[in-house]
Amino acid sequence: MTLQLRVYVPEHPLIKHWLAVARDTNTPSVLFKSAMTELGRWLTYEATRNWLPTMDTVVQTPLSECSATFVNPEMPVGVVPILRAGLVLLDGVQNILPVASIYHLGLSRNETTLEASCYLNKLPDRFNPQTRIVILEPMLATGGSIMMAMKEIISRGVQPNLIRIVSVVAAPPALRQLSENYAELEIYTAIIDEGLNSKGYIVPGLGDAGDRAFGT
């Protein structure tokens, strides 16, 4: 059976609402950051559905015993925010995955060549092969940053089918590269936009997520 990249755009009214807030150029920085936090929360909720490992047990209620299901605490979960824009999703994600380990990965894009380079890498030398990873990358545009992030994570022992990408806006060039190289992936995004402009920005997009969130 041929694997095919799966991209999910959840039909949730809260996701649509906060995307609209984030898109609006008149949204002030503090509200933009709140919108991105909420998008991180709800997209991660969708991304972890039927994905987190669970364990069945029995608990004692005030009245009787009953069956119960817990997230398995022995199965490692990691979150990789791609700096700096990925940080604006992190607060919402940690509300969903409060005990996940956080591994920062700092990537910057050359605005002339549009190529990505790494300036900070806090990934471990090796991951437990059962580790589930959520990558936070608000904008999947040219694909340079996310492809570099995938290479770094997989080289440390993570299976592609155990990776989820949470993005706010995605564009065809990045999705095409991911599909050609990592067909086992699942991506959760609020919207797929039509394409990129000459500077590699998603159109209509939402601008530079890092600049808007941090007011710089």
Side-chain angles (χ1 to χ4, degrees), residues 4-52 77 79-97 100 102 105 107 109 132-147 149-150 163-179 182 185-197 199-215:
Q4 184 174 1
L5 179 77
R6 287 168 286 183
V7 183
Y8 295 93
V9 183
E11 289 290 322
H12 196 299
L14 287 173
I15 292 176
K16 293 180 178 181
H17 170 83
W18 290 113
L19 173 64
V21 173
R23 280 207 197 261
D24 191 342
T25 190
N26 295 312
T27 297
S29 178
V30 65
L31 183 54
F32 178 85
K33 193 171 184 179
S34 294
M36 297 295 280
T37 294
E38 291 300 320
L39 287 165
R41 182 200 318 274
W42 296 111
L43 288 168
T44 301
Y45 173 84
E46 295 291 343
T48 55
R49 186 193 300 269
N50 303 319
W51 183 64
L52 291 174
V77 177
V79 177
V80 180
I82 298 180
L83 308 185
R84 67 181 168 151
L87 291 175
V88 301
L89 300 175
L90 185 57
D91 284 349
V93 174
Q94 287 186 295
N95 285 327
I96 300 295
L97 301 172
I102 311 300
L105 186 61
L107 304 179
R109 185 175 74 170
R132 284 156 171 78
I133 293 289
V134 179
I135 302 175
L136 308 183
E137 173 63 303
M139 313 295 288
L140 292 175
T142 64
S145 294
I146 193 63
M147 291 297 291
M150 287 293 299
I163 297 173
R164 297 287 184 270
I165 296 175
V166 169
S167 177
V168 175
V169 183
L175 296 180
R176 190 177 305 115
Q177 287 196 66
L178 289 167
S179 179
Y182 304 110
L185 271 179
E186 291 190 11
I187 299 171
Y188 291 78
T189 183
I191 196 77
I192 300 174
D193 274 351
E194 60 193 49
L196 310 178
N197 65 14
K199 294 183 178 180
Y201 282 87
I202 299 176
V203 178
L206 48 76
D208 188 306
D211 286 353
R212 294 188 66 191
F214 299 111

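When reading the values below, keep in mind they use all heavy atoms of this one structure, side chains included, and skip hydrogens, waters and symmetry mates. All values reported here derive from a predicted model rather than from experimental measurement.
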Derivation of the side-chain contact (heavy atoms from CB on, under 4.5 Å) call for L43 and T189: CA-CA 7 Å; L43 288 168; T189 183; 5.7 Å; no
Candidate pair L97 and L52, rule side-chain contact (heavy atoms from CB on, under 4.5 Å), full reasoning: CA-CA 10 Å; L97 301 172; L52 291 174; 3.9 Å; yes
Worked check of side-chain contact (heavy atoms from CB on, under 4.5 Å) between M150 and I135: CA-CA 9 Å; M150 287 293 299; I135 302 175; 3.7 Å; yes
Audit row: I165, L178, side-chain contact (heavy atoms from CB on, under 4.5 Å) steps and yes/no: CA-CA 11 Å; I165 296 175; L178 289 167; 4.1 Å; yes
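Applying the side chain to side chain donor-acceptor pair (under 3.5 Å) criterion to R49, with sequence neighbours excluded, gives E46. Residues passing the side-chain contact (heavy atoms from CB on, under 4.5 Å) test with D211 are R84, D208, T216, sequence neighbours excluded. When the side-chain contact (heavy atoms from CB on, under 4.5 Å) test is applied to V21, the partners found at least two apart in sequence or on another chain are H17, W18, T27, L31, A35. With sequence neighbours excluded, the residues satisfying side-chain contact (heavy atoms from CB on, under 4.5 Å) with A171 are P173, L196, I202. For S179, the side-chain contact (heavy atoms from CB on, under 4.5 Å) partners are L5, not counting sequence neighbours. The salt bridge (Lys or Arg N to Asp or Glu O under 4.0 Å) check on R41 picks up E38, with sequence neighbours excluded. By the ring pair (Phe, Tyr, Trp, His ring centres under 6.0 Å) test, Y201 pairs with no residue at all, sequence neighbours left out. In terms of the salt bridge (Lys or Arg N to Asp or Glu O under 4.0 Å) criterion, residue partners of E11 (sequence neighbours excluded) are, by chain and number, K16. Qualifying ring pair (Phe, Tyr, Trp, His ring centres under 6.0 Å) partners for H12, counting only residues two or more places apart in sequence or in other chains: W42. With sequence neighbours left out, F32 forms a ring pair (Phe, Tyr, Trp, His ring centres under 6.0 Å) with no residue at all.
Side-chain N or O atoms of R212 include one that pairs as donor or acceptor with a backbone N or O of A22 at under 3.5 Å. Under a 3.5 Å cut-off, the side chain of T37 and the backbone N or O of L89 do not form any donor-acceptor pair. R132 contributes a side-chain N or O that, together with a main-chain N or O of W51, makes up a donor-acceptor pair within less than 3.5 Å. Of the possible polar contacts, one joining the Q177 side chain to the T142 backbone as a donor-acceptor pair under 3.5 Å is found.
Side-chain contact between M139 and L206 is present, with heavy atoms from C-beta onward closer than 4.5 Å. Counting heavy atoms from C-beta on, the side chains of I102 and Q94 come closer than 4.5 Å. For the pair L87 and F214, the minimum side-chain heavy-atom distance is below 4.5 Å.
Contact between G40 and V93 at its shortest, heavy atoms only, is O-CG2, 3.7 Å. Contact between G210 and A85 at its shortest, heavy atoms only, is N-CB, 3.9 Å. Closest non-hydrogen pair, P138 versus M36, comes out as CB-CE, 3.8 Å. Between G205 and V169, the shortest heavy-atom contact is CA-CG1, 4.3 Å. I82 and S145 get closest at one heavy-atom pair: CD1-O, 4.4 Å. Residues G200 and A141 approach most closely at O-CB, 3.7 Å, considering heavy atoms.
Y45 OH: 12 or fewer foreign heavy atoms inside a 6.0 Å radius.
Sequence neighbours left out, the pairs with a member in residues 21-32 that pass salt bridge (charged side-chain N to carboxylate O under 4.0 Å, His left out) are R23-D193.
With rounding to the nearest 0.5 Å, the separation of OG in S167 from CD1 in I191 is 11.5 Å. In this structure, the separation between CG on L83 and CD on E137 is 10.0 Å, given to the nearest 0.5 Å. From I187, atom CD1 reaches atom CD1 of I146 across 7.5 Å, with rounding to the nearest 0.5 Å.
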